[in-house]
There are 2 protein chains.
Amino acid sequence: MTSLILSRRDIEFMLYEWLNAESLVALPRYADHSRETFDAVLDLSAEIATEHFASHNKKNDANEPWFDGDVVHMIPEVKAALDIFAEAGLIAAGQDYDLGGMQLPTLVEKACFAWFLAANVGTAAYPFLTIGNANLLLTYGTPEQKQTWVKPMMDGRFFGTMCLSEPQAGSSLADIRTRAEPDNDGRYRVFGNKMWISGGEHSLSENIVHLVLARLPDAPPGVKGISLFIVPRHLIEADGTVGEHNDVVLAGLNHKMGYRGTTNTLLNFGEGKFTPEGKSGAVAYLVGEANKGLSYMFHMMNEARIGVGLGAAALGYTGYLHALEYARERKQGRTPGAKDPSQPAVAIIEHTDVKRMLLAQKAYVEGGLGLNLYCARLIDEERTSQGDDKARATLLLDMLTPVAKSWPSQWCLEANNLAIQVHGGYGYTRDYNVEQFYRDNRLNPIHEGTHGIQALDLLGRKVVMQGGLGLDLLLDLIQATTAQASEVAELAESGAQLDAVVYRLADVTRKLHTCGQPALTMANAAVYLEAFGHTVVAWIWLEQMLAAAGKSGDFYAGKRQAGRWYFAWELPRTEQWLNLLSSLDDTCLTMRDNWF
Amino acid sequence: MTSLILSRRDIEFMLYEWLNAESLVALPRYADHSRETFDAVLDLSAEIATEHFASHNKKNDANEPWFDGDVVHMIPEVKAALDIFAEAGLIAAGQDYDLGGMQLPTLVEKACFAWFLAANVGTAAYPFLTIGNANLLLTYGTPEQKQTWVKPMMDGRFFGTMCLSEPQAGSSLADIRTRAEPDNDGRYRVFGNKMWISGGEHSLSENIVHLVLARLPDAPPGVKGISLFIVPRHLIEADGTVGEHNDVVLAGLNHKMGYRGTTNTLLNFGEGKFTPEGKSGAVAYLVGEANKGLSYMFHMMNEARIGVGLGAAALGYTGYLHALEYARERKQGRTPGAKDPSQPAVAIIEHTDVKRMLLAQKAYVEGGLGLNLYCARLIDEERTSQGDDKARATLLLDMLTPVAKSWPSQWCLEANNLAIQVHGGYGYTRDYNVEQFYRDNRLNPIHEGTHGIQALDLLGRKVVMQGGLGLDLLLDLIQATTAQASEVAELAESGAQLDAVVYRLADVTRKLHTCGQPALTMANAAVYLEAFGHTVVAWIWLEQMLAAAGKSGDFYAGKRQAGRWYFAWELPRTEQWLNLLSSLDDTCLTMRDNWF
């Protein structure tokens, strides 16, 4: 039976025919693995995602968690699914054997996790955050912290969160006010309010490990005075058991348009409702050095950004598969030139405009998924290489992160929009699934750094870091692909088209950073992100077209046609964006508040 | 206090400084009117919309109508608001005095109605449909039908619906199966199922007047065999009182993503639960001639399409005003070059990217509202003129209807998307209003003819009707505007830019209809609609820029800047679309089902 969650065939294409997953088993870290073990975990993921996650996706949306002032209630299917997920070893899938992990390559781990994101993003958010939290502590935590907090997270006994935003400080982390005071035993006490904390309260796990940004006394102002703390919901006794309630209190749940299955919370730290060890203030443990918290948090944040992109692509993908199935089943109207009303109606997939909407979805979701799996492959390279190779992988990941986050958040949301449109009136009802995907996916351009923040990061920081080395590296990589394409008859034209765009993009980047008008350099950063993203995804498509070149069969024909569609319909959008950037348009910059 | 529903200042600009509403009072039909009477109805509308419609918009969304198997329940505020609306004479606002109307010009009537659509589209849908239903019957009904059905609708005692779709026939009306059998008394009995019927069941009025498409026995197949019937929920006694229940039964309510305040129903006609006058079959009255029903229904449909565009613009507009207020109040971050974290944060409207999102919303919603008010002005011209003038107005309206419907449905939905983005995480919660606007507006690209249907209508029918006369007329009109612009220094460049696009659009239209490959002519109709729509709205913006030219003050500066934004950021999109059309791209046409 064809799955409506993801396409196993396409994932195999990306993993084995394009990203060369099998070559990873030559590395010592992955030496125990083989295509067979990869496939087995993919099978397992698809099965659990189908039977235990997709099965309560709508129910979770219709019965969002609620807070009775004391306890948060949610449907029991959530905990049941997460227990099965943890028991299958999937939280630790990518971790070392000695942590109970499978040492699965990130590429395969992310391909597996995409099944859960597509099946039920609300429930999948809990392990998503837990894995990211654990990865941060594995990088920056002490051995004791790893033992105390990470090990139970790997086992699914504890879940994790990231606590950055506050009611008055979202995009501007420089303005956080939560403070941490040294206690007399090397620990700290935290006081403050954190907003938008996903998974911030629930009864799904024995404990919740909050990673909290806070200021120490006398910390310098702004982002240079932020430290990172572990603040557990419950203290841990000396024997490792879960002890008394920490001074962390749920102030309220946020009620969102989508992503309803994930509790999203306002948390009060240190308000004194609980008094651990006899006094108020949430007991906290410093991670790493004082005042370096933001850079540590960016370890988790960068991982989360790529994860958001993966989730956006996964939601787009499942919407596309739903629309495709509907288009094959729904009969309506006749094709042009066969308008005889006495003849039976055709499946709507026969209508060119429906094909357009399906092709667009296919191009967006396979482009978005491809980009994020490419990034996962880079994480493997970063993890398993040394020296220049490692630095190169890190730099490329840095370059690609804002795009991997933002592009699927924008265009795979558009795919969900088109999935509704293919369904017509039915798609707008809650009897079908696609309206939920659209509502769920609408969060992705907001959290983990809004679109605008990604744009500033890309144009203001990433393309100029190390004297533009990251940009050069990426553009060289793209041009290596176009060079390959130039040797394949059916792809030469697309390669040349992309080459021209890349040349122009480089030129515009230079112009923006040498125009001598600093305000104008950054004024249209959002448009730069659009142009850059569309160029990167064209490259991802060209890569996929190269992997499909010369192969026969419907699957490859579909890849070729979707790639062709992207190059004919999407890549040309860059011209207008690059023209606008090149003109140093100041319309937005010069607009005034009182003119609105 | 500034309203968050619509901008009274902008509506006055459009009515009095651009569309010359005051000139209408020179016409006999509107002779009793003056700017004072227009303003009085605008004031009244804004007041009722604010106090009685906006006030329950969120509550209606959170407590959607529900059906206990017998009766549909809804919050009492809906009926209270609609009673006030009717008592104020607003249902009949545009009608003749002898129907109890105000003989208000359509231009003013629509400007008034926009307040209700923006304030609470779910509640406003009931009079929206009632007015359209009445207008159809006033055009095609008998004097008796007008007396029996229209008069009570004008008084707010009866409400109306339009019943076209069936579960198996949405876009393809050729395939409707509902049948009508002649009764022995000149009446008919109707049997069948109608789907997506908004306002199809409720207790808001004494009766519901369904306008139903059905087939008579031996009717020719397809759209040439469709007749139109009045099917009331309750029969009317000889003395005019509301009598027994007709054989029309609510089979179920559709539960939608948005527009939740409007009941949306599946209705069964003639299933025999009720047996009016002792037998099953819904008692029905033929409107006009047999087998001409679809053309009559298009009277209501065309009005509804422009109404949908107006609603989409209104929802976009209120979202924009909400985002603007939020951007002025919310403090976050600092402007470039002033990054000192010890300085206070600025209102986010100071950030260029937020200005971009606000400017885009302003350009979309003022463009969309302008286009629909322009169409309303054309309806007045059609109604009050004769001969060639009347024919010209009709032809232009026919040309503009698919754009007036589809453009705001697409771009003012995008405005709502941006309104969420300006709010950040807050905008994604149900504590704020903008997520509802986004959900509500998502219906508009679907109902009253999907985007795809509008595209086929525009390219397949409208641009070629009467040998292309409608297109010529519209393009001449646009070129008259660009000629005016050429004489205004600050607008000459924009005029020339639009001229070039119009020239190209005409050229591409010719190419598409003379390419000799019929399948390719229509294959990319959706892109044609995009290009055409963006061109038309550029013209609407140029018209508004002309009306603002040479005037000083913030309001006019804002008009100029938003127009400038549209010409720099939006109109250039047409180039890619026109290139694609001109290339006769066959990517969608040649895509095959089994390649997906």
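Computed from a prediction, not measured in an experiment: that's the story for all the values here. Any value given below was found using the heavy atoms of this structure, including those in side chains, with hydrogens, waters and symmetry copies removed.
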- request: Classify the ring geometry between A:W196 and B:Y426 as parallel (under 30°), tilted (30 to 60°) or perpendicular (over 60°).
  value: perpendicular
query: Do B:M522 and A:T352 touch side chain to side chain, with heavy atoms closer than 4.5 Å?
result: no
- prompt: Any sub-3.5 Å donor-acceptor pair from A:Y428's side-chain atoms to B:G258's backbone N or O?
  reply: yes
message: Which atoms of B:L580 are under 4.5 Å from chain A, going by heavy atoms: the side chain, the backbone, both sets, or neither?
response: side chain
task: With a 4.5 angstrom heavy-atom cut-off, could you sort out which part of A:H447 is near chain B: side chain, backbone, both or neither?
output: neither
- request: Give a yes-or-no answer on whether the side chains of B:T590 and A:Q561 include a donor-acceptor pair shorter than 3.5 Å.
  value: yes
task: Identify which part of B:L324 has an atom lying under 4.5 Å from any heavy atom of chain A, answering side chain, backbone, both or neither.
output: side chain
message: Heavy-atom cut-off 4.5 Å, strictly under: side chain, backbone, both or neither for A:H423 against chain B?
response: neither
query: Stepwise, does the side chain to side chain contact (heavy atoms under 4.5 Å, CB included) test hold for A:L359 with B:F596?
result: CA-CA 8 Å; A:L359 257 177; B:F596 280 109; 4.2 Å; yes
- prompt: Quick one: of A:E575, A:K355, A:K256, A:R430, who has the most non-hydrogen atom pairs under 4.5 Å with chain B?
  reply: A:R430
task: Check whether B:I349 gets within reach of chain A through its side chain, its backbone, both or neither, counting any heavy atom under 4.5 Å.
output: side chain
- prompt: So which of A:S7, A:G170, A:A327 has the largest heavy-atom pair count under 4.5 angstrom toward chain B?
  reply: A:G170
- prompt: Which region of B:Y259, side chain (C-beta onward) or backbone (N, CA, C, O), has a non-hydrogen atom less than 4.5 Å from a non-hydrogen atom of chain A, or is it both or neither?
  reply: both
- request: Apply the test side chain to side chain contact (heavy atoms under 4.5 Å, CB included) to residues B:D586 and A:R564: give CA-CA distance (whole Å), side-chain angles for both, the deciding distance (0.1 Å), then the verdict.
  value: CA-CA 10 Å; B:D586 68 355; A:R564 183 185 150 193; 2.2 Å; yes
- line: When the 4.5 angstrom heavy-atom criterion is applied to B:I348 and chain A, the contacting part is neither
message: Would the distance check show the side chain of B:R356 and the main-chain N or O of A:A525 forming a donor-acceptor pair, the cut-off being under 3.5 Å?
response: no
- prompt: Is it true that B:R334 and A:D175 have a side-chain N and a carboxylate O under 4.0 angstrom from each other?
  reply: yes
message: Tell me if a side-chain donor or acceptor on B:Q576 pairs with a main-chain N or O of A:W569 at a distance below 3.5 Å.
response: yes
query: Relative to chain A, which segment of B:R328 carries a heavy atom at a distance below 4.5 Å: side chain, backbone, both, or neither?
result: side chain
